[in-house]
Amino acid sequence: MTDAGAQTASVPFGRALTASYGVLFGRQWPAWVGGVLFGILSIALFAWEKPWSVADGVRNWGDWLLNAINVTDTLIIDPHLYSTSVLNLGIIGGALAAALLSRQFHIRGAPPWELLKGVVGGCLMGIGASLSFGCNIGGFFSATSALSLAGPAMMLGLLVGALVGLKLLLWEVSYLELPEWMSRSGRSGSAGPSATWRRLQPLAGAAILALGAVLALVYDGLEYTTRAGLLGFGLFIGIIMQRTRFCFVRAFREPFMTGHADATRAVAIAVVISTLGFTYLKWADFKDWEVFVRDSFWLGSLLGGFIFGVGMSLAGGCASGSLWRAGEGHVKLWVALACFALSASYFRVWLTESGRSDRLGEAVFLPDYVSWEMAAGAVIALMATWYLCMTWNERRQKFLMM
C-alpha cells in the first residue's frame with residue numbers, strides 16, 4: 001500500500017475512534033442503559049462472590065476511623081481488604097475516571113447550609129441503613145432481587161421517606177429565610193476548570209483506570225483474587241453510574257417533583273433483570289437460598305427505609321449515588337459520606353449492644369411460602385406496576401407536589 005493509500009485508510013479509523021470516544025464520553029448515556037447494565041452486573045457480582053451492597057463497606061470505613069481514635073473497639077477487617085469497601089473504592093475511582101474522561105470533573109463546593117444538609121442527610125442514611133441491614137442497594141435492590149420480603153418493605157419506606165424529604169425541601173424553599181453567609185457558595189463552587197485542565201482531564205482519567213488495573217493485578221498477585229475482581233466491578237459500576245446519572249433519589253423523588261420517570265424506569269428494569277438472575281442462581285443451588293434474605297422484615301426495613309429516604313433527599317444522593325458523585329467532585333457528598341460512615345458504625349454498635357437489633361423483624365424468603373415462579377413473578381409484577389404508574393404520571397402529571 002502506498003503512503004497516500006495508508007494515510008487515506010488511517011483517516012476513517014481515526015475518525016471512528018474519535019466518534020466512539022464521543023459516544024462514550026461526549027454525552028450522557030440513556031438511563032435505561034444503566035438499568036440494563038446494572039441488572040446484568042448485579043447478577044455477575046452475585047455469581048462472583050455476593051450480591052451488590054454499599055452500606056456495610058461505608059460502615060467499615062466508620063468502624064476503622066472510630067477504632068483509630070479510640071471511640072470504639074470493633075473487630076473489623078481493614079478497609080483495603082474488606083470486600084465491600086474495595087468495591088466502593090472502585091466505584092469512586094471509576095466515577096472519577098469517567099468524569100475526567102468526559103471533562104466533567106470539578107471540585108464543586110457548597111454553601112454552609114447545603115453542607116449542613118449533607119451532615120444531617122448522611123447521619124440519617126447511616127441510621128436507616130443500620131435499621132434495615134442495608135441501604136438502597138443492599139436493603140432494597142439486592143434484597144428484592146434475592147426474593148427477600150424485606151426488600152419491598154424497604155422500598156415502601158424509601159418512597160414515603162423521599163416524599164417527606166421532598167416536602168421538607170419545598171418548605172425550605174417557600175418559607176425558610178437564611179442569612180446570606182449560609183447560602184453563599186465558595187469560589188470552588190462557581191469557578192469552572194481552566195482550559196488547560198480540561199484538555200488534560202482525559203489523560204488523568206486514563207491514568208486512574210490504569211492505576212485501578214495495576215491495583216487489581218497486585219491484589220491478584222497477593223492471592224486476593226476476589227478483591228481484585230471486586231475492584232474491577234467497582235470501576236465498571238462507577239463509570240456506568242457517572243455516564244448514566246443512575247440515582248435512586250431521582251427514581252423515588254423525581255416523579256413527584258418534576259414528573260420525570262426515566263430514573264424510575266431504569267431502577268425497575270435493573271430489579272427485574274437482577275431478580276431473574278438471582279432466582280436462577282438460587283433455584284439451581286449455585287448460591288445459598290438465604291443469601292441477602294434480611295431478618296429485618298417488617299419493622300426494620302420499613303422504618304429504616306423511611307429514615308434513609310428522608311436522609312438521601314436531604315443529602316442529594318443515596319448510598320451508591322453519594323459514591324459516584326463524590327468521585328465527580330461534589331464536596332457536599334464527601335461530607336454526607338463521612339457522616340454516613342460514622343453514624344452507621346456508631347448506631348450499629350448501639351443496636352447490637354442494646355439487643356434491639358434482634359427486635360427489628362424476621363427473615364422472610366418468598367419461595368418458602370410460594371413457588372419460585374410465583375415469587376419471581378410477584379417481584380416482576382411489583383416493578384411493572386411501579387414502572388407503569390410513574391410512566392402514566394409522567395404524561396398526566398397527577399402526582400406532582402410542586
Side-chain angles (χ1 to χ4, degrees), residues 38 42 45-46 49-66 74 76-77 79 82-92 118 121-146 148 150-151 153-155 157-158 161 230 233-234 237-238 241 246-249 252 267 291-297 300-315 317-326 333-334 336-352 357 360-361:
F38 283 125
S42 174
L45 262 172
F46 189 17
E49 188 199 25
K50 63 180 183 180
W52 184 16
S53 61
V54 172
D56 57 334
V58 174
R59 187 182 68 249
N60 176 257
W61 302 343
D63 291 339
W64 177 84
L65 181 57
L66 291 179
T74 306
I76 65 168
I77 300 173
Y82 190 65
S83 58
T84 312
S85 170
V86 173
L87 179 65
N88 288 349
L89 292 172
I91 293 174
I92 294 174
C123 289
L124 290 176
M125 286 196 291
I127 294 170
S130 297
L131 289 169
S132 54
F133 301 139
C135 58
N136 57 291
I137 298 297
F140 159 56
F141 178 75
S142 293
T144 302
S145 302
S148 169
M154 187 175 188
M155 177 185 175
L158 287 170
L230 290 172
F233 274 112
I237 290 172
M241 282 197 139
F246 195 86
C247 181
F248 285 75
V249 176
F252 283 97
V267 171
V291 174
F292 266 58
V293 180
R294 304 299 197 184
D295 52 355
S296 56
F297 178 79
S301 295
L302 190 62
L303 180 59
F306 171 76
I307 294 173
F308 192 95
V310 176
M312 71 181 187
S313 294
L314 296 178
C318 56
S320 53
S322 296
L323 292 176
W324 74 256
R325 284 190 169 92
L333 276 305
W334 298 355
L337 266 179
C339 294
F340 182 3
L342 293 172
S343 66
S345 173
Y346 197 82
F347 194 73
R348 174 60 69 89
V349 170
W350 177 81
L351 278 177
T352 302
S357 60
L360 295 174

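A quick note: this is a predicted structure, and the numbers were derived from the prediction, not measured.
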Checklist entry - Do S301 and S296 have side-chain N/O donor and acceptor atoms under 3.5 Å apart? => result yes
Next on the checklist: If you define the side chain from C-beta out and look only at heavy atoms, does anything of L45 sit under 4.5 Å from I237?
Outcome noted: yes
Next on the checklist: With a sphere of 6.0 Å drawn around CZ of F233, does it hold more than 12 non-hydrogen atoms of other residues, nucleotides or ligands?
Outcome noted: yes
Checklist outcome for this item: L89 meets the side chain to side chain contact (heavy atoms under 4.5 Å, CB included) criterion, sequence neighbours left out, with W61, S85
Item to check | Test ring pair (Phe, Tyr, Trp, His ring centres under 6.0 Å) applied to F252 - qualifying residues, sequence neighbours left out | outcome: F140, W386
Item to check | Listed partners of A319 passing side chain to side chain contact (heavy atoms under 4.5 Å, CB included), at least two apart | outcome: V54, C135, N136, F308, F340
Next on the checklist: Please enumerate all residues that pass ring pair (Phe, Tyr, Trp, His ring centres under 6.0 Å) together with Y82, with sequence neighbours excluded.
Outcome noted: none
Item to check | Under the ring pair (Phe, Tyr, Trp, His ring centres under 6.0 Å) test, residues paired with F46 that sit two or more places apart | outcome: F278
Item to check | Those residues that, when tested against D63, pass side-chain hydrogen bond (donor to acceptor under 3.5 Å, both in side chains) (two or more places apart) | outcome: S345
Next on the checklist: Restricting to side chain to side chain contact (heavy atoms under 4.5 Å, CB included), what partner residues turn up for I307, sequence neighbours left out?
Outcome noted: L124, I127, L131, L303
Checklist outcome for this item: Applying side-chain hydrogen bond (donor to acceptor under 3.5 Å, both in side chains) to S322 and not counting sequence neighbours gives none
Next on the checklist: A cation-pi test, strictly: NZ or CZ of R294 under 6.0 Å from the centre of the six-membered ring of F292 and no more than 45 degrees from its axis. Yes or no?
Outcome noted: yes
Checklist outcome for this item: Applying ring pair (Phe, Tyr, Trp, His ring centres under 6.0 Å) to F133 and not counting sequence neighbours gives none
Checklist outcome for this item: The salt bridge (Lys or Arg N to Asp or Glu O under 4.0 Å) partners of D56 (sequence neighbours excluded) come to K50
Checklist entry - Does S343 use its side chain to pair, donor to acceptor, with the backbone of C123 at less than 3.5 Å? => result yes
Checklist outcome for this item: Hits for side chain to side chain contact (heavy atoms under 4.5 Å, CB included) against L302, two or more places apart or cross-chain, chain-then-number order -> L156, W298
Checklist entry - Between CG of L351 and CG of L360, what distance do you get to the nearest 0.5 Å? => result 6.0 Å
Checklist entry - Where does the angle between the aromatic ring planes of F38 and W52 fall among parallel (under 30°), tilted (30 to 60°) and perpendicular (over 60°)? => result parallel
Item to check | Side chain proximity check, P51 to V291, heavy atoms < 4.5 angstrom | outcome: yes
Next on the checklist: Run the side-chain hydrogen bond (donor to acceptor under 3.5 Å, both in side chains) test against S313 and tell me which residues pass, sequence neighbours left out.
Outcome noted: none
